[in-house]
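In this chain, numbering begins with 1 at the start of the sequence shown.
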Amino acid sequence: MIARVWSAQTRRDQVPAYADHLREHVLPLLGGVEGYLGARLWQREVDENVEIVVVTQWSSLDAIHGFAGDEIELAVVAGEAAALLSSFDDRVRHYELVIEDNA
């Protein structure tokens, strides 16, 4: 399994709108991509803002190509999402699962 990790910052009042965008637009799109295994949205307060981290799980790097295209390290951020964010990573990180413990 591969985790695709991307982070951004936004104002506290924008977090619900970003979560709605993810839930209503991004997740349905991802659900149609072969090899997509799920997603999580994480958040933490940082000074006056909120840092959000989106972690999607994939069966392989090839599956990620089905979503992100040839340059899988480039972030895919729709204009509607970008408008809700103060700043965001333009690149993503990929991690291969080594150990998993589900208690």
Side-chain angles (χ1 to χ4, degrees):
M1 181 185 327
I2 306 294
R4 179 177 169 91
V5 180
W6 173 81
S7 60
Q9 295 230 352
T10 191
R11 296 187 328 259
R12 283 187 190 102
D13 64 329
Q14 292 288 27
V15 173
Y18 180 79
D20 288 344
H21 170 79
L22 183 70
R23 187 180 304 105
E24 296 170 10
H25 299 283
V26 179
L27 298 181
L29 172 71
L30 294 179
V33 178
E34 186 175 339
Y36 169 71
L37 302 175
R40 289 185 171 90
L41 173 62
W42 302 85
Q43 72 178 42
R44 70 179 181 130
E45 291 193 15
V46 178
D47 299 321
E48 298 296 315
N49 291 313
V50 174
E51 178 184 19
I52 58 173
V53 177
V54 178
V55 180
T56 54
Q57 293 91 33
W58 300 85
S59 61
S60 66
L61 289 175
D62 286 337
I64 295 171
H65 281 283
F67 164 67
D70 291 336
E71 301 222 21
I72 63 171
E73 299 291 324
L74 292 178
V76 178
V77 183
E80 181 182 321
L84 300 170
L85 304 169
S86 306
S87 65
F88 57 88
D89 294 344
D90 59 355
R91 303 195 64 76
V92 299
R93 297 158 310 279
H94 296 100
Y95 300 91
E96 184 176 347
L97 178 65
V98 177
I99 296 173
E100 180 174 30
D101 177 37
N102 294 311

Residue set satisfying side chain to side chain contact (heavy atoms under 4.5 Å, CB included) with S7, at least two apart, ordered chain then number -> E51, V53, D89, R93
Considering residues at least two apart in sequence or located in another chain, which fulfil the side chain to side chain contact (heavy atoms under 4.5 Å, CB included) criterion with V15?
T10, Q43, V50
Before you tell me yes or no, could you show the steps for S86 and R11 under side chain to side chain contact (heavy atoms under 4.5 Å, CB included), namely the whole-Å CA-CA distance, both residues' side-chain angles and the distance that decides it to 0.1 Å?
CA-CA 7 Å; S86 306; R11 296 187 328 259; 4.2 Å; yes
Find out whether [X] and [Y] are in side-chain contact, i.e. whether some heavy atom of one side chain is under 4.5 Å from a heavy atom of the other.
X	Y	result
M1	L37	yes
Y95	V5	yes
I2	Q57	no
F67	L29	yes

Would you name the heavy atoms of [X] and [Y] that are closest together and state the gap between them?
X	Y	value
V77	A81	CG1-CB, 4.2 Å
R4	L74	NH2-O, 3.1 Å
A82	F88	CB-CE2, 3.7 Å
L22	P28	O-CD, 4.3 Å
G35	A63	CA-CB, 3.8 Å
L84	E80	CG-O, 3.5 Å

Worked verdict on I64 versus H94 for side chain to side chain contact (heavy atoms under 4.5 Å, CB included)
CA-CA 10 Å; I64 295 171; H94 296 100; 3.4 Å; yes
For [X], look at atom [atom1] and say whether over 12 heavy atoms of other residues, nucleotides or ligands are found less than 6.0 Å away.
X	atom1	result
D47	CG	no
E96	CD	no
E34	CD	no

Among side-chain atoms of T56 and W58, is any donor-acceptor pair under 3.5 angstrom?
yes
Cluster overlap V54 with L61, hydrophobic side-chain contacts below 4.5 Å
yes
Transitive ILVMFWY side-chain link L27 to V55, under 4.5 Å
no
Rounding to 0.5 Å, atoms CD (Q9) and CZ (R44) come to a distance of 8.0 Å
Give the C-alpha distance, both sets of side-chain angles, the deciding distance and a yes or no for side chain to side chain contact (heavy atoms under 4.5 Å, CB included) between Q14 and L85.
CA-CA 8 Å; Q14 292 288 27; L85 304 169; over 6 Å; no
